[in-house]
Amino acid sequence: MGRAIGMVLAGSLAMAATAAAFELPRANPESVGMSPARLEAVAQKMDALVAAGEFPGVTATIARRGQVVFQHSTGVLDVETGAPMRDDSLLRVYSMTKPITSVAAMTLVEDGELLLDAPVTRFFPEWRDLTVLVDGKRVPLSGPVTSRHLLMHTSGLSYGYVGDTPVDRMYREARLIDDWDYLTHDTRELVVKLANIPLLFQPGSRWHYGFSSDVLGHLVERVSGKPLDVFFQERLFEPLGMQDSFFDVPPEAVDRFGTDHYVNDGEVVVQDSPREDPEFIGVTFLSGGGGLVMTAEDYLRFGLMMQGGGRLQDARILSPTTVGLMTADLLPEGTSVGGAGFGLGFAVVLPGAGRDARSPGSYYWGGAAGTFFWVDPAQELVAVFMPQRIGSPGWIQQTLQNMVYAAIEQD
């Protein structure tokens with residue numbers, strides 16, 4: 001169990017089990033303008049959420065001004081085994097995979113191998129005859145699908161299990177996905193099958209959550225000539241010291257891999273366990289949209305790289321200019337995603353939104369199991385919270401965010 005650095009966690013064992021390539025710098029909260037007592041209150045709130053049955057367990061870590069000031073793990077990793085949640089527990093981040101896939105794609109843009117506004121048909125010849133469904137009829141595209149559309153979720157792709165449009169029903173009939181699991185063998189098969197299904201709308205005309213990031217992951221594979229897990233390892237995980245990030249959980253790490261849960265009539269119930277769920281063991285579908293399992297520290301490393309303008313210590317992943325582009329609101333004026341802007345893979349807090357304590361320009365995303373992270377450039381703050389509960393209520397995220405900001409004593 002961990003808390004604020006310099007308090008209960010002074011000389012902490014946190015992250016010790018994860019033999020990282022390099023240590024993240026750690027600081028007493030007061031040295032970076034944060035209150036140890038108020039960070040302790042965040043830990044106590046996490047404990048209280050577990051005690052109240054909102055989560056079986058949760059782990060979190062926070063950094064300010066590039067230094068780790070908080071880490072706390074509480075509750076259990078698996079309600080059936082009673083294994084404790086630990087700082088090195090491996091958890092399903094689901095859609096928090098999407099920002100990582102987006103960064104991977106942008107490294108190829110910086111390499112000169114990919115253009116944001118070029119048709120993806122250069123790499124996906126299967127898509128040359130794509131259509132859009134309009135009033136029940138297939139019509140030609142008004143313009144090609146591009147990498148930018150995939151990054152922004154404006155491609156016209158859907159998911160198949162969220163809505164019940166005619167296009168979503170076609171996804172289910174084509175056995176792309178069921179209520180929860182991917183059904184195609186790999187993302188290549190997904191891309192091939194999508195070629196025969198019309199888009200939901202004309203590319204670029206609006207935002208819609210769907211298979212865009214999975215297709216983007218396969219685009220990375222075709223452009224680079226490497227499987228997505230290999231590309232991530234070489235270009236992101238190894239340079240950033242993310243040694244506990246996997247599509248396919250290795251046998252030696254399964255004991256640290258958590259189960260997924262949901263709450264039914266006040267009882268925490270197992271949704272998917274490592275003992276029975278093949279989704280993250282023996283993987284062939286390398287999902288750029290939701291396939292990663294990792295520790296909270298590894299995701300913090302990714303967030304710190306973004307907050308550092310594309311760099312973490314000696315590892316330069318992206319240029320500051322590219323990071324600025326990815327984290328700017330690029331949606332057409334007057335449109336938003338639930339009141340937020342959206343860039344290239346990240347939601348963005350808009351000026352004057354007044355929705356929560358995060359500064360305008362902060363960027364973020366979350367996952368289906370209640371995981372969430374955000375980067376606040378104005379406050380030089382990165383925070384990662386990782387429960388494993390499907391259908392986590394939104395008030396929990398906002399409550400914890402408010403408490404983190406209450407711990408800031410100096411801008």
Side-chain angles (χ1 to χ4, degrees), residues 95 97-98 101-109 111-163 165-177 182-229 231 284-291 330-331 342 344-345:
S95 286
T97 304
K98 290 177 170 70
T101 302
S102 300
V103 166
M106 293 305 291
T107 66
L108 292 172
V109 172
D111 288 347
E113 300 296 328
L114 189 64
L115 289 172
L116 284 176
D117 296 313
V120 297
T121 48
R122 174 186 172 190
F123 302 100
F124 293 164
E126 305 95 328
W127 281 25
R128 285 178 181 151
D129 297 320
L130 271 184
T131 59
V132 178
L133 195 67
V134 178
D135 297 328
K137 297 181 180 179
R138 296 180 183 235
V139 303
L141 300 190
S142 59
V145 176
T146 67
S147 302
R148 186 186 297 271
H149 296 144
L150 296 173
L151 283 154
M152 292 187 64
H153 297 279
T154 58
S155 62
L157 296 172
S158 191
Y159 248 145
Y161 70 93
V162 176
T165 68
V167 171
D168 286 296
R169 291 196 289 273
M170 291 179 195
Y171 280 28
R172 296 195 292 270
E173 291 165 3
R175 292 189 57 76
L176 302 185
I177 199 167
Y182 299 109
L183 299 179
T184 55
H185 180 265
D186 52 30
T187 53
R188 179 190 176 280
E189 182 183 348
L190 173 70
V191 167
V192 169
K193 285 190 171 185
L194 284 170
N196 298 314
I197 301 174
L199 297 176
L200 187 61
F201 52 84
Q202 290 288 356
S205 62
R206 61 187 174 94
W207 191 94
H208 186 78
Y209 211 41
F211 275 120
S212 289
S213 295
D214 291 298
V215 172
L216 184 68
H218 188 56
L219 181 62
V220 169
E221 293 185 317
R222 291 208 185 179
V223 174
S224 69
K226 297 178 179 180
L228 194 61
D229 55 352
F231 191 87
T284 60
F285 191 98
L286 302 178
S287 170
L330 303 178
L331 293 175
F342 205 85
L344 302 178

- Residue pair Y182, S287: steps toward the side-chain hydrogen bond (donor to acceptor under 3.5 Å, both in side chains) verdict: CA-CA 9 Å; Y182 299 109; S287 170; 2.9 Å; yes
Check the orientation of F201 and H208. Use parallel for under 30°, tilted for 30 to 60°, and perpendicular for over 60°. perpendicular
Applying side-chain hydrogen bond (donor to acceptor under 3.5 Å, both in side chains) to S158 and D168, what does each step give before you reach the verdict? CA-CA 7 Å; S158 191; D168 286 296; 2.6 Å; yes
Taking K193 for the side chain and A174 for the main chain, is one N or O donor matched with an acceptor at less than 3.5 Å? yes
### Message
So does M152 get a backbone contact from the side chain of W207, meaning a donor-acceptor N/O pair under 3.5 Å?
### Response
yes
Does NZ belonging to K226 count more than 12 external heavy atoms closer than 6.0 Å? no
Next item on the list: Look only at the side chain of S213 and the backbone of L216, and say whether a donor-acceptor pair between them is shorter than 3.5 Å.
Entry: no
*asked:* Check whether Q202 reaches the backbone of S142 with its side chain - one donor and one acceptor, N or O, closer than 3.5 Å.
replied: yes
Taking every heavy atom of S212 against every heavy atom of H149, the minimum-distance pair comes out as OG-O, 4.4 Å
In terms of heavy-atom contacts, S102 and G345 come closest through OG-CA, 3.3 Å
* Asked: Between R222 and E126, is there a salt bridge with N-O shorter than 4.0 Å?
  -> yes
- Passes side-chain hydrogen bond (donor to acceptor under 3.5 Å, both in side chains), Y209 versus S95? Steps please. CA-CA 11 Å; Y209 211 41; S95 286; 2.8 Å; yes
H185-F285 aromatic ring centre distance below 6.0 Å
no
*Has the side chain of E221 got a donor or acceptor atom that lies under 3.5 Å from a matching backbone atom of L286?*
no
Exercise. Should the heavy atoms of other residues, nucleotides or ligands under 6.0 Å from CG of D111 be counted, would the total exceed 12?
Worked result: yes
Between the CG atom in L108 and the CE atom in M106, the distance rounded to the nearest 0.5 Å is 10.0 Å
Answer yes or no: does atom CZ of R175 have more than 12 heavy-atom neighbours from other residues, nucleotides or ligands under 6.0 Å? no
Keeping T101 on the side-chain end and G288 on the backbone end, is there a donor-acceptor pair under 3.5 Å? yes
Any idea how Y159 and Y161 line up, ring-wise: parallel (<30°), tilted (30 to 60°), or perpendicular (>60°)? tilted
(request) May I ask you to say whether E173 pairs ionically with R169, meaning some side-chain N is under 4.0 Å from a carboxylate O? (result) no
The reported gap from CG in L133 to CE in M170 (rounded to nearest 0.5 angstrom) is 5.0 Å
In terms of heavy-atom contacts, I197 and L130 come closest through O-CD2, 4.1 Å
